[in-house]
Structures are given as structure tokens and as C-alpha cells.
Amino acid sequence: MLMSKEQKKFLGKQKKERFFILFWQMMIVLLFFFGWEMFANHKIINPFIFSSPSRIFLTLQGLFVSGQLFTHIWATLCETIIAFLLGISLGFGIALLLYEFPLFAKIIEPFLTMLNSLPKVALGPIIIIWTGANGKSIIVMALLINLIISILTIYNGFVATDEVKIKLMKSLHANQLQMLWYLVIPSAWDTIISSLKLNISMTFIGVIMGEFLVSKKGIGYLIIYGTQVFNLNLVMSGIFILIVLSFFIYECVSFIEKKLSHR
Amino acid sequence: MNNLFRVEHLQKTYHTKHGEIEAIRDVSFSIFEGEFVSIIGPSGCGKSTLFSILVGLEQASKGTICIQDGKTIGYMLQSDALFPWLTIYENAILGLRITHQLTEENLKYVQYLLETYGLSEFQQKYPSELSGGMKQRLALIRTLALKPDILLLDEPFSALDYQSRLKVSDDVYQIIKKEKKTAVMITHDIAEAISLSDRVLVFSKRPCILKKVHDISLSNRSTPIENRKTKEFSQYYDTLWKEIDAHV
């Protein structure tokens with residue numbers, strides 16, 4: 001198709017803008033690392049407590065060579081995935097129950113609100129005592145943080161089903177299962193899918209929290225261990241890995257979201 | 001004419017926290033085969049409740065509804081209520097699917113309806129790609145797919161702008177006549193009621209009481225839009241206008 005001059009100009013302008021934004025984003029990152037390195041080298045900031053990009057790089061290299069890097073990443077990733085899958089399936093199931101039994105939902109609502117506003121981290125020590133100091137308690141911790149919000153989001157999606165469509169289904173004498181399968185779940189589908197993003201960030205918080213409290217491997221362990229032995233290079237490396245990992249996980253979920261959402 | 005269904009001394013009372021609300025008081029009327037009847041009255045009176053009772057969504061507090069043996073009712077709601085995640089075709093067969101009637105014969109009938117009423121080329125598209133009038137036609141096809149004998153239309157055109165409203169009401173009227181259905185339509189548009197109906201039932205505001213029944217006889221009756229041009233039209237309009245006004 002032939003493009004008009006104005007259209008070409010418009011597209012060119014858009015391209016230029018995208019390039020401009022990307023350029024400055026790169027610049028910020030570069031300046032940040034460069035400045036950090038310079039300040040640390042000239043002892044303007046204390047490299048012992050602030051570390052520096054080159055020290056982080058060396059630490060990461062060391063972790064990579066010894067093979068520990070992927071052991072830790074893998075541990076955190078596994079815990080996150082397990083807690084995430086458990087969180088959405090349990091959240092979906094419980095939300096469905098609440099929707100199907102409105103009286104039950106009314107009874108339980110204040111308790112859910114209470115649990116939702118409670119800082120779940122406070123329950124950490126109890127969880128360790130109850131489930132033992134092992135991987136299980138990390139999963140439980142993450143579940144505590146992601147489950148309630150999943151239930152509430154998905155349940156709200158179900159409740160928001162269009163009244164007129166419900167009336168239509170009722171006038172067709174649809175049974176409860178058909179109601180769910182043909183109307184309630186599809187109409188809440190986009191809400192369910194967008195709750196995945198919320199869920200994954202919550203899960204990640206929970207997993208790191210859990211690793212802080214009790215663990216022998218994982219990124220959270222790396223950070224807490226680094227603090228204990230006052231190796232700030234290790235702590236900063238852990239945080240760096242965390243940033244990259246969370247970005248990666250978030251992008252994965254965004255991709256899944258795009259694939260699963262309606263058209 | 002054949003008496004298709006009869007409503008006798010129908011009464012409906014709602015119970016709320018703030019007391020009882022009488023929605024419908026002692027309403028009786030009959031609908032005959034092949035008729036197009038409009039129900040008009042101020043908004044907020046129990047007209048929609050009446051339909052809900054007829055379809056079985058709600059229970060009447062008192063009174064009876066007698067439907068001729070083997071006759072079925074199809075309900076077309078206020079908004080088109082199409083499912084945006086289903087294609088046009090899947091929307092059209094939704095009723096058949098829910099009621100487990102996906103037979104070859106019924107599917108052929110849906111095909112016939114889609115083709116006859118200009119939607120067959122959009123079958124694999126989604127409702128968001130249709131115009132307001134097409135959506136309304138699709139909603140009607142979804143209702144017709146179940147081959148009901150009586151159609152209940154609850155303000156079927158209220159979501160449309162004035163221009164398409166005239167056009168779509170013409171369309172829907174033609175379809176209903178062509179498929180030889182009996183129809184009862186709720187509206188608050190006096191002109192719409194006169195131009196489409198054989199009879200108009202006037203209801204009062206809450207509690208809903210049947211105030212008056214008008215037989216509409218227009219000289220050279222044709223399509224709803226043409227009907228608006230007949231000389232009797234304005235007379236009926238005046239009469240109905242005063243009646244509704246008096247009851248508000």
C-alpha cells in the first residue's frame with residue numbers, strides 16, 4: 001500500500017520518539033552504574049558497605065564458576081512457581097465456592113477482609129514452628145500473601161457478571177453448572193487473567209520473605225547470609241539477581257496473559 | 001381467534017426491609033394467536049415483573065397464567081445480552097446449547113435465520129463488530145432459534161438511537177410477522193406501540209393495574225414506519241398520551 005507523505009512523517013516521528021525514550025533509559029542505567037563505580041573507587045562512598053558494580057560483577061562471576069548461582073536461582077524459581085500455581089488454583093476454587101454459596105460468602109467476608117489487611121509477615125515465626133524450618137514453610141508463607149488477594153479479585157470478577165445475561169440464562173433454564181461454564185467463568189476470564197500479574201508479584205514477595213526467615217538456598221538466603229557475614233558484595237549481587245529475575249518472571253506472566261486473554 | 005394464553009387476576013407483592021411493595025394488582029388479559037400486543041405504562045411500574053413471572057423467573061403472589069398446551073415462550077431482554085467472547089454463530093445457538101437441542105434440524109433453522117436476516121457472512125465474527133441494529137437482530141435470532149410460539153419483548157429497542165430505532169423496529173416487526181409469531185412487547189414509546197401493534201394495553205404506575213385496552217385499527221396498515229403516516233395514528237397518539245399522562 002502506498003503511504004502518504006504525512007503518514008510517513010507521522011511514523012518517522014513515532015520511531016524517533018521511541019528511540020529517544022530507549023536512549024535515555026539506557027543512559028540512566030549507564031550513568032547510574034558508572035557514577036556508582038566512580039564514587040566507590042574514589043572513596044566518596046564507602047565501598048565496603050555500598051559495594052560497587054565491578055565488585056558485584058566479580059561476586060557474580062565467582063558464584064557462577066562455583067555453580068552456586070543457578071542453584072540459588074533455581075531454588076527461588078521453583079518455590080515461586082509452586083506457590084504461584086497453588087495460589088491461583090486454590091484462589092479460583094475458593095472464589096467459586098464463595099460465589100456458589102452467597103450465604104457462606106456473607107458469613108466469611110469480614111474474616112477475609114481481616115486476613116487481607118493483616119501483615120502476613122507477622123505470622124512467619126508461627127509458620128516455621130508449625131511446618132518446620134524447611135521449604136514447606138516458604139511455600140506456606142508465599143501462599144499466605146498471594147491467596148487472599150487472589151480469592152478476593154477472582155470472586156469480585158464472578159460477582160460482576162452482568163445481571164441481564166444472568167436473567168437470559170435463567171430464562172433458558174440453565175442449570176448451575178451451565179451458568180458457570182457458559183457465563184460466569186468466561187465473563188470473569190479477563191479479571192482472572194489480570195489477577196495473575198498481581199499474584200506473581202505477591203508470590204515473589206512471599207518467597208523472598210520466607211527465604212529470609214528460613215532457608216538454606218535461594219536468592220533470599222543469599223541476601224540474608226551476606227548481611228550476616230557483612231559481605232555487602234554478596235547482598236548487592238543478590239538484589240541485582242532479584243531485579244533481573246523478577247523482571248523476567250513478570251514478562252513471562254505478561255506473555256501468558258496475552259496468550260490467554262480473549263482475543 | 002385462538003386464545004394462546006391468559007393471565008387471570010395476577011398479583012405480585014415484593015417484600016423488602018422497608019415493607020411491602022405492591023408491584024402488580026389484579027391484572028387479567030388474553031393474548032390471541034398471531035397478535036402483536038404492546039404494553040405501555042410509566043417506567044418503574046411492574047411491566048418487566050409481569051414478563052419475569054410469565055417466563056417463570058419469578059413467582060406470582062396470586063392469580064394464574066394459563067398457556068395453551070405445548071406452546072412455548074421466548075424472552076427477548078431489554079439489552080441484547082450477547083456474549084462478547086462468543087462468535088455470532090455461537091451466540092445464535094446459545095439457547096439451543098443450553099437446552100440440549102443442538103439437532104441438525106435446529107442448526108439448519110439457525111442457518112436459515114442468519115442467512116435470511118443478513119448475518120450469515122458475519123458468523124465467525126464477534127458481537128463487538130456488529131452495529132446496534134445487527135446485535136438486536138442477532139438477539140432475536142437467538143430467541144427464535146428455540147422456535148417459541150410467543151415472543152416476549154422487553155423494551156427491545158431502548159438501547160438504540162432514534163434513527164436505528166425506527167429501522168430496527170421495522171426489521172424486527174417484519175421478522176416476527178414472517179416467522180408467524182405472536183408477540184407481546186413492553187415499551188414506553190407511544191408511537192412505537194401504535195405503529196407496531198394490533199392492540200395496546202395501558203398500565204398505570206405502581207401498583208401496576210391494567211387501565212385500558214385499545215384495538216388499533218389503521219387504514220391501509222403496512223410497515224411500522226408507514227403506519228406512522230396514517231391519519232388514525234395521531235388520534236391514537238393523543239388518546240394514549242392523555243391516558244398515560246393522567247395516570248402518572
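Just so it is clear, the structure is predicted and the values come from calculations on it, not from any experiment.
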message = I'd like to know whether CD of B:Glu105 has more than 12 heavy-atom contacts from other residues, nucleotides or ligands below 6.0 angstrom.
response = no

inquiry  = Using 0.5 Å steps for rounding, measure from the OG atom of A:Ser171 to the CD1 atom of B:Ile73.
reply    = 10.5 Å

query = Taking everything shown except B:Lys177 itself, do over 12 heavy atoms lie less than 6.0 Å from its NZ?
reply = yes

inquiry  = Tell me whether the count of non-hydrogen atoms from other residues, nucleotides or ligands lying under 6.0 Å of CD in A:Gln7 goes above 12.
reply    = yes

query = Does any heavy atom of chain A fall under 4.5 Å from the side chain of B:Ile98, the backbone, both, or neither of them?
reply = both

ask   = What distance do A:Lys170 atom NZ and B:Leu57 atom CG have between them, rounded to the nearest 0.5 Å?
value = 7.5 Å

inquiry  = Within this structure, what is the NZ-OG distance for the pair A:Lys167 and B:Ser52, rounded to the nearest 0.5 Å?
reply    = 4.0 Å

Nearest-0.5 Å distance, OH of residue B:Tyr75 to CG of residue A:Leu172 = 11.5 Å

request  = For atom OH of B:Tyr14, decide whether the heavy atoms of other residues, nucleotides or ligands shown that lie under 6.0 angstrom number more than 12.
outcome  = yes

ask   = Heavy-atom count around A:Phe240 CZ within 6.0 Å, excluding the residue itself: above 12?
value = no

inquiry  = Less than 4.5 Å to any heavy atom of chain A: does that hold for the side chain of B:Arg97, its backbone, both, or neither?
reply    = both

ask   = Does atom NZ of A:Lys197 have more than 12 heavy-atom neighbours, drawn from other residues, nucleotides or ligands, at distances under 6.0 Å?
value = yes

inquiry  = Other residues, nucleotides and ligands only: do more than 12 of their heavy atoms fall within 6.0 Å of CG on A:Leu103?
reply    = no

key: Verdict with reasoning, A:Leu168 to B:Arg142, per side chain to side chain contact (heavy atoms under 4.5 Å, CB included)   = CA-CA 11 Å; A:Leu168 170 81; B:Arg142 181 181 59 197; 3.6 Å; yes

note = d(B:Leu94 CG, A:Tyr182 OH) to nearest 0.5 Å is 8.5 Å

remark   = Rounding to 0.5 Å, atoms CH2 (B:Trp85) and CG (A:Leu183) come to a distance of 5.0 Å

